[in-house]
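Input: a single structure, listed below in structure tokens.
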Amino acid sequence: MTGQRESNRVEPRHIAIVGAGVIGMATACCLQEDGHRVTVVDRQAPGTACSWGNTGGIGITSIPPLSSPGVLRKVPRWLFDPLGPLALDWRHLPRLAPWLLRFVRAGRMEEVERITDALNALLSPCYEVWRPLFSAAGLDNLVHHTGVIHLYPDRAAFEADALQWKLRKDRGISFETLDRAALLRMEPDVGPASDFAVYEEVWRHVADPFLIVDGLARHFAAGGGAIRRAAVTGFETSDGRVSALRTEAGEIVADGFVIAAGAWSHRLSRMLGSPAPQESQRGYHVNLPDPGIEVRHIMMDTVGKHAITPMAMGLRLGGTSEFAGLDTPPNWRRARAIVENAKRIFPTLKTEGYSQWAGDRPLLPDSLPVIGPSPHRHNVYYAFGHSHIGLALGAVTGRLVADLVAGRTPGIDLHPFRIDRF
Ligand SMILES: Cc1cc2nc3c(=O)[nH]c(=O)nc-3n(C[C@H](O)[C@H](O)[C@H](O)COP(=O)(O)OP(=O)(O)OC[C@H]3O[C@@H](n4cnc5c(N)ncnc54)[C@H](O)[C@@H]3O)c2cc1C
């Protein structure tokens with residue numbers, strides 16, 4: 001997917017990136033490889049926001065969008081089940097309503113097909129694009145290739161999920177169904193609540209998502225990149241361009257700017273004339289230091305909609321979607337629900353001493369990220385809205401932004417990801 005090189009020479013410039021999450025740091029490394037001087041600005045340390053606590057999946061086949069035909073019918077059941085995968089702070093509903101309407105509209109079948117194609121274009125090369133960057137940053141030992149197992153209560157539940165699998169199959173993605181005996185051969189500690197499963201070999205997972213971003217930041221700094229700790233509060237503009245970031249610690253002047261500020265990006269894009277309907281889809285995780293069971297693969301619980309990932313620090317269980325607005329405190333009952341769901345899957349699970357975490361996924365209503373140039377400011381590029389696939393898409397996003405900055409034609413059609421699509 002590397003952009004077509006009209007010329008091998010890239011004119012080196014100074015590029016400032018807002019956001020040191022997995023998207024910002026991967027983009028910083030890609031721009032640095034092109035010979036640019038790069039400054040990353042974040043109010044906190046690299047990889048300590050949403051990118052810190054994800055469940056580590058490089059989910060190359062996560063191409064179906066979150067909205068699908070009939071999604072509204074499932075919502076009440078999810079909302080009123082305290083262990084369900086969806087939670088809503090009703091006080092947020094008036095602000096969420098326009099976003100929800102767009103989300104439902106994105107679930108029409110023709111939209112689902114279009115969005116799936118767009119996500120497939122980004123995700124199918126995602127590991128191949130990560131690979132050289134992981135190697136260059138010395139991170140290969142954190143990446144495991146075991147494949148993913150999706151757990152279903154029974155075959156009927158799998159058949160009820162037929163659209164998810166048809167969307168993949170139609171695009172050439174193969175998978176293997178497992179009856180309980182086959183599942184137990186791969187994961188002996190899964191209890192009787194999971195009688196059927198699907199295995200996809202192509203997934204990878206990482207042993208610690210924070211260490212991935214931290215490793216990219218070290219690699220970037222070793223190559224001469226600058227990381228500045230400051231909150232960006234605005235922009236200096238002139239002649240249709242941005243000339244500097246305004247921060248609480250003074251101005252940062254650069255030739256080009258990338259907004260990779262995760263769930264907060266729309267607040268910055270709005271200042272630059274491009275509002276984006278982005279919501280926080282808050283997720284939670286719990287880390288079990290001593291789970292008392294063996295887990296060999298990353299697994300997806302299709303009932304509780306959370307992932308189960310063997311990691312360096314123990315077993316990480318994470319997922320769920322909470323819509324409560326970006327500035328509300330976490331509701332730790334959601335983390336508890338993940339623990340209860342996991343006990344349903346692994347009856348002998350030991351949960352003593354678990355730690356909990358919440359993070360804000362940046363989500364646009366059509367499940368697609370924003371990747372592309374600003375329509376209003378000639379030297380600004382956007383890279384945000386990666387919802388539940390930001391780890392998977394870090395390097396792809398970074399390469400695409402580097403192509404745009406260099407004036408190369410990106411290897412992927414960026415039309416579906418433009419900021420003014422809504
Ligand atoms: C429970 C859970 C599980 C997940 N599992 C997976 C998974 O298995 N696989 C996967 O691919 N993805 C997963 N994700 C999604 C993934 O974690 C996100 O898509 C990704 O971390 C987003 O990265 P980011 O760099 O855009 O945002 P962030 O990591 O949030 O980084 C944004 C940065 O911008 C900074 N910032 C914002 N505004 C400003 C400002 N004004 N000034 C200065 N700095 C600013 C913030 O401080 C932050 O450091 C999961 C998410 C959750 C919550």
Side-chain angles (χ1 to χ4, degrees), residues 16-28 40-60 62 85 122-123 126-127 130 148 203-206 209-210 212-213 216-217 227-235 245-249 252 258-269 271 278 280-287 298-300 305-309 311 316-322 326 330 334-335 338 356-364 367 369-371 382-398:
I17 300 176
V18 187
V22 69
I23 301 298
M25 285 317 313
T27 303
V40 178
V41 189
D42 200 307
R43 58 190 170 212
Q44 56 192 73
T48 55
C50 191
S51 302
W52 190 80
N54 67 57
T55 46
I58 301 184
I60 191 164
S62 297
L122 290 180
L123 278 166
C126 74
Y127 180 66
W130 260 130
V148 65
W203 278 46
R204 266 91 175 165
H205 70 270
V206 304
F210 164 69
I212 293 288
V213 187
L216 294 175
I227 301 177
R228 302 252 318 248
R229 184 81 74 91
V232 174
T233 53
F235 302 90
L245 299 175
R246 255 187 251 140
T247 82
E248 48 190 15
I252 296 174
V258 180
I259 308 300
W264 299 268
S265 298
H266 59 296
R267 292 181 176 169
L268 297 171
S269 73
M271 294 180 200
Q278 182 171 259
S280 156
Q281 179 202 12
R282 186 172 293 154
Y284 291 79
H285 86 213
V286 297
N287 282 335
I298 180 170
M299 286 190 266
M300 296 289 159
K305 306 250 183 258
H306 63 79
I308 301 146
T309 314
M311 286 198 175
R316 177 167 291 179
L317 315 168
T320 84
S321 298
E322 179 186 60
L326 197 47
R334 304 297 305 154
I338 293 176
Q356 57 190 9
W357 169 88
D360 293 291
R361 298 184 193 91
L363 180 63
L364 282 303
S367 303
V370 172
I371 304 172
Y382 293 113
F384 64 86
H386 291 75
S387 67
H388 60 299
I389 47 178
L391 172 64
L393 289 180
V396 163
T397 304

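Start at 1 and go down the list; that is how both ligands and their atoms are numbered.
Of the N or O atoms in Ile23, one or more lie within a sub-3.5 Å distance of an N or O in ligand 1. The N/O atoms of Ile58, backbone and side chain alike, include none that comes under 3.5 Å of an N/O atom in ligand 1. Polar contact check, Ala263 against ligand 1: no nitrogen or oxygen pair lies under 3.5 Å apart. At a 3.5 angstrom cut-off on N or O pairs, Cys50 counts as close to ligand 1. The shortest N or O to N or O distance between Thr55 and ligand 1 is under 3.5 Å.
Shortest contact from atom 9 (N) of ligand 1 to any protein heavy atom: Gly57 O, 2.8 Å. Of the protein's non-hydrogen atoms, His388 O, 3.2 Å is the one closest to atom 13 (C) of ligand 1. Atom 52 (C) of ligand 1 has Arg361 NE, 3.5 Å as its closest protein atom, hydrogens excluded (heavy atom only). Residue, atom and distance of the protein heavy atom nearest to atom 6 (C) of ligand 1 are Asn54 CB, 3.5 Å. Protein heavy atom at the shortest distance from atom 19 (O) of ligand 1 is Ser387 O, 2.7 Å. Looking from atom 23 (O) of ligand 1 to the surrounding protein, the closest heavy atom is Ser51 OG, 3.2 Å. When only non-hydrogen protein atoms are considered, atom 27 (O) of ligand 1 lies nearest to Gly262 CA, 3.5 Å. Considering only non-hydrogen protein atoms, atom 39 (C) of ligand 1 sits nearest to Arg43 NH1, 3.5 Å.
Nearest heavy atoms, Ala383 versus Thr397: CB-CG2, 3.7 Å. Shortest non-hydrogen contact noted between Ala249 and Ala230 is CB-CB, 4.3 Å. Taking both residues in full, the closest heavy atoms of Met271 and Gly234 are given as SD-CA, 3.8 Å, listed atom of the first, atom of the second, then distance. When all heavy atoms are compared, the tightest approach of Ile17 to Ala260 is CG2-CB, 4.2 Å. When all heavy atoms of Gln278 and Pro362 are compared, the closest pair comes out as OE1-CB, 3.2 Å.
Of the inter-residue distances, the one linking Tyr284 atom OH with Leu317 atom CG reads 15.5 Å to the nearest 0.5 angstrom. Atom CZ of residue Arg267 and atom CG of residue Leu326 lie 4.5 Å apart, to the nearest 0.5 angstrom. Interatomic distance, CD1 of Ile308 versus OG1 of Thr55, reported as 10.0 Å (0.5 Å rounding). For the atom pair CZ of Arg228 and CG of Leu245, the computed distance is 9.5 Å after rounding to the nearest 0.5 Å.
Atoms of ligand 1 lying under 4.0 Å from any heavy atom of Gln44, numbered from 1 in the order shown and given with element: 47 (O), 49 (O). Atoms of ligand 1 lying under 4.0 Å from any heavy atom of Gly319, numbered from 1 in the order shown and given with element: 1 (C). Below 4.0 Å from some heavy atom of His386 lie the following atoms of ligand 1, by number and element: 19 (O). Taking every heavy atom of Ile389 and a limit of under 4.0 angstrom, the matching atoms of ligand 1 come to 10 (C), 11 (O), 12 (N). In the vicinity of Gly359, heavy-atom distances shorter than 4.0 Å reach the ligand 1 atoms 53 (C). Within the listing of ligand 1, atoms 7 (C), 8 (O) sit less than 4.0 angstrom from a heavy atom of Gly56.
Nearest residue to atom 49 (O) of ligand 1 from Val22, Asp42, Val286 is Asp42 (criterion: closest heavy atom). Counting heavy atoms only, Ala392 comes closest to atom 11 (O) of ligand 1 of the residues Ala230, Ser265, Ala392, Gly234.
Checked by atom type, the side-chain pair Thr320/His306 shows no donor-acceptor distance below 3.5 Å.
At least one heavy atom of Ala231 sits closer than 4.0 Å to an atom of ligand 1. For the ligand labelled ligand 1, residue Ala383 lies outside the 4.0 Å heavy-atom shell.
Distance alone, capped at 3.5 Å, places no donor-acceptor pair between the Arg334 side chain and the Gly319 backbone.
At a threshold of 4.5 Å between non-hydrogen side-chain atoms, the residues Ile371 and Tyr382 do not count as touching.
Only the backbone of Tyr284 comes within 4.0 Å of ligand 1, counting heavy atoms alone; no side-chain atom from C-beta on gets that close.
Relative to the six-membered ring of Phe235, Arg246 misses at least one condition, a distance below 6.0 Å or an angle of at most 45° to the axis. With a 6.0 Å cutoff to the six-membered ring centre and a 45° limit on the axis angle, Arg43 counts as a cation-pi contact of Trp264.
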